[in-house]
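Input: a single structure, listed below in structure tokens.
The basis for the numbers below is simple: all heavy atoms, side chains too, and nothing from hydrogens, waters or symmetry mates. If you're wondering where the values come from, they're calculated on a predicted model, not measured in any experiment.
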Amino acid sequence: MAAHGKYGSAETKSLSSHLPLYKRHWATILAQLSQSCGFLPAPPYLCATYITLSSRNSIYYRPTETKPLSFLSLPHMIWLNIASLMGHGCSKKIGISGCWGGDKRKISEKVVLRVNSQVSQNNNIHSTGEEEEGEEKKVIGRNMESTLKSLRDGESVLDLSPRSTVSGGVEDVYGEDRATEDQLVTPWTFSVASGYSLLRDPQYNKGLAFTEKERDAHYLRGLLPPTVSNQSLQEKKLMHNIRQYQVPLQKYVAMMDLQERNERLFYKLLIDNVEELLPVVYTPTVGEACQKYGSIFRRPQGLYISLKEKGKILEVLKNWPERSIQVIVVTDGERILGLGDLGCQGMGIPVGKLALYTALGGVRPSACLPVTIDVGTNNEKLLNNEFYIGLRQNRATGQEYYELLHEFMTAVKQNYGEKVLVQFEDFANHNAFELLAKYGTTHLVFNDDIQGTASVVLAGVVAALKLIGGTLPEHTFLFLGAGEAGTGIAELIALEMSKQTKTPIEESRKKIWLVDSKGLIVSSRKNSLQHFKKPWAHEHEPVNSLLEAVKVIKPTVLIGSSGVGKTFTKEVVEAMTLNNDKPLILALSNPTSQSECTAEEAYQWSEGRTIFASGSPFDPVEYKGKVYASGQANNAYIFPGFGLGLVISGAIRVHDDMLLAASEALAKQVSEENYKNGLIYPPFSNIRKISANIAANVAAKAYELGLATRLPRPQNLVEYAESCMYTPVYRNYR
């Protein structure tokens with residue numbers, strides 16, 4: 001007998017001769033499961049008779065006849081999670097469709113076992129293309145990865161590194177795939193929330209908005225005042241209360257309290273009042289919140305993984321109540337915004353970022369996980385603070401540090417699978433590049449400081465060309481700051497120049513100059529430079545100051561990413577104005593106190609001629625009777641939509657072309673009205689629409705590169721992205 005599937009008939013051979021090792025493993029499990037359900041009496045080795053393995057690694061099973069079930073409690077559709085049986089970290093599911101014929105329940109003629117990730121014969125991630133097409137074509141281009149490839153021994157993210165092994169890409173260091181019956185396991189239980197516990201559950205609590213029927217059904221009588229409110233009235237009251245606070249940190253604490261007691265109302269408030277509340281839940285207020293996190297800490301909002309948890313991080317991840325995680329934001333707290341080492345108190349950053357993933361990008365709150373890796377702090381002020389909540393020791397470095405990070409990355413993939421996005425946030429330069437290079441080919445990783453900042457700045461520069469004129473390759477760029485943000489932006493701009501001119505990226509880099517704490521980066525300093533600065537060491541005489549560099553380089557675009565405030569002085573801005581009709585000045589450092597200059601200073605010192613944007617928001621400025629509204633080059637434009645695009649496409653790696661796709665989508669959202677007001681970024685009031693367009697562009701690029709796993713591809717990716725977005729309106733309960 002032959003099985004009939006999408007790609008023809010399977011030969012009737014035994015598994016040992018018909019299937020490679022890993023497919024025999026899958027087939028055996030299917031046979032054992034089928035036999036236990038009572039509709040496949042044949043032993044496992046005969047299962048090959050009924051199985052067709054498609055080129056997308058799907059197993060189609062068609063029994064020759066349907067048999068009545070011996071038990072009547074089987075639901076119409078059963079989803080069985082058999083990840084632990086498969087020996088892979090990804091969640092594999094068997095769908096068993098039931099149908100009714102007469103008075104009997106029968107199994108339908110098709111049972112599908114879908115393998116979500118591509119697996120090679122040695123259980124390694126290898127290819128996302130169809131097997132009939134042979135070896136997948138590799139996209140070879142001049143890309144931003146060139147600065148990381150030296151750390152990867154020439155590997156590209158499209159290579160899907162063979163260093164990935166068990167559990168979707170990492171070594172089985174915990175031995176779970178070889179577990180015996182003697183191994184202890186965690187007993188997970190779930191129950192329906194009702195009564196007082198329902199009011200304490202932020203995911204389902206609606207406060208006074210519970211209806212009369214819901215109060216009866218869920219034992220809420222007497223636990224609430226008799227008034228029945230609605231979400232709109234609750235939102236109006238809370239916004240009134242928040243506006244009474246004069247201190248931004250008080251508003252931050254009020255918003256965090258709301259998130260902890262009524263999740264949907266928190267996101268409704270944030271979405272409907274995003275321009276007013278974004279500076280509260282994120283920069284600049286989140287910086288002060290992190291500095292004082294030990295004092296305002298009330299209850300955990302994420303996972304704290306310290307050196308004390310070394311060797312048991314997988315168990316720590318299992319302590320988190322949510323199982324289906326799609327996005328993780330992780331920090332080690334060493335470089336929080338422009339504030340330096342805040343240690344464990346950096347947790348405010350992952351919490352804030354993920355709140356924006358949900359509010360702006362529509363990723364479900366339950367699918368988000370904030371994580372802080374605590375390896376100590378070198379901040380003596382915190383170590384001596386009695387309210388500090390982290391490890392009281394100096395930072396671990398070297399092998400001890402990287403072993404903990406590797407265990408974390410291993411555990412994440414083993415627990416959540418191949419397609420969980422891990423966003424590195426506010427790591428110090430020396431670790432940020434190393435981690436991105438190390439895990440870029442084995443995990444779905446993204447560094448917002450390097451890649452997200454680069455994407456949002458490139459979008460602003462491309463949009464600004466309509467105001468300052470010329471094409472991107474015609475402009476000269478000067479950066480103050482040569483860390484992860486500065487070099488990341490510079491590399492993405494060079495990549496876009498290279499694509500436009502069809503010249504090597506090395507040629508494009510010559511139009512971009514960087515200044516660090518020791519002056520202009522030139523070739524004579526090459527031996528003493530960190531590896532990520534070396535591509536920017538051009539032939540030139542040494543220049544010691546930013547002002548002197550502006551005078552000799554004569555840039556048309558000045559970008560600050562130094563983390564040092566007041567460095568764009570009056571003399572620097574005047575020199576930029578002397579060289580250009582409309583200079584483009586971007587002061588990107590956060591928070592506001594660390595901005596290279598304010599909007600007011602930029603407009604006054606340039607006599608209203610500059611096109612200005614900043615990392616933190618500034619109020620409109622009036623100069624000589626004209627009001628100037630500056631744009632905000634905030635990463636929040638990019639990372640929520642970027643992450644959504646990865647999620648909806650099921651991407652398994654991040655490629656530089658996806659960053660260019662995100663920049664292109666954002667630049668297209670700037671309207672003619674925005675340009676008339678001197679803006680190079682669209683207003684945040686349209687951020688959900690902007691995120692949907694960015695997600696669609698990123699997902700399209702993932703499909704084009706062969707890195708997407710959700711098939712078939714939706715016809716209209718924008719509509720699909722919008723349909724996948726979380727909406728915070730209250731649900732009605734049974």
Please report, to 0.1 Å, the donor-acceptor pairs under 3.5 Å made by any side chain of residues 638-652, with sequence neighbours excluded.
residue: Ser649; atom: OG; partner: Gly645; partner atom: O; Å: 2.9
residue: Ser649; atom: OG; partner: Leu646; partner atom: O; Å: 3.3
residue: Ser649; atom: OG; partner: Ala651; partner atom: N; Å: 3.4

*asked:* Side chains of Asp448 and Asn635: any donor to acceptor distance under 3.5 Å?
replied: yes

*Could you walk me through whether Lys237 and His240 pass the side chain to side chain contact (heavy atoms under 4.5 Å, CB included) check?*
CA-CA 5 Å; Lys237 181 181 74 173; His240 172 76; 5.7 Å; no

*Distance under 6.0 Å and angle within 45° of the ring axis: does Lys206 meet both against Tyr733?*
yes

*Are side-chain N/O atoms of Ser616 and Ser595 paired as donor and acceptor at under 3.5 Å?*
no

*Measure from the ring center of Phe446 to the ring center of Phe424 and say whether it is less than 6.0 Å.*
no

_Intermediate values then yes/no, salt bridge (Lys or Arg N to Asp or Glu O under 4.0 Å), Glu425 and Lys353_ = CA-CA 9 Å; Glu425 193 66 37; Lys353 288 277 186 179; 3.4 Å; yes

_Val729: side-chain contact (heavy atoms from CB on, under 4.5 Å) partners, not counting sequence neighbours_ = Gln231, Lys268, Thr727, Arg731

*Between Thr331 and Asp426, a side-chain donor and acceptor under 3.5 Å*: no

*asked:* Under the rule for side-chain hydrogen bond (donor to acceptor under 3.5 Å, both in side chains), what residues qualify as partners of Ser723, not counting sequence neighbours?
replied: none

*Strictly by modelled atom types, are Arg392 and Tyr388 linked by a side-chain donor-acceptor pair under 3.5 Å?*
no

*Just do the salt bridge (Lys or Arg N to Asp or Glu O under 4.0 Å) check on Glu664 and Lys701 with the steps written out, would you?*
CA-CA 12 Å; Glu664 178 187 4; Lys701 186 58 67 173; over 6 Å; no

*Qualifying residue for side-chain hydrogen bond (donor to acceptor under 3.5 Å, both in side chains) with Tyr730, from Thr211, Asn230, Asn205, Asn262*: Asn262

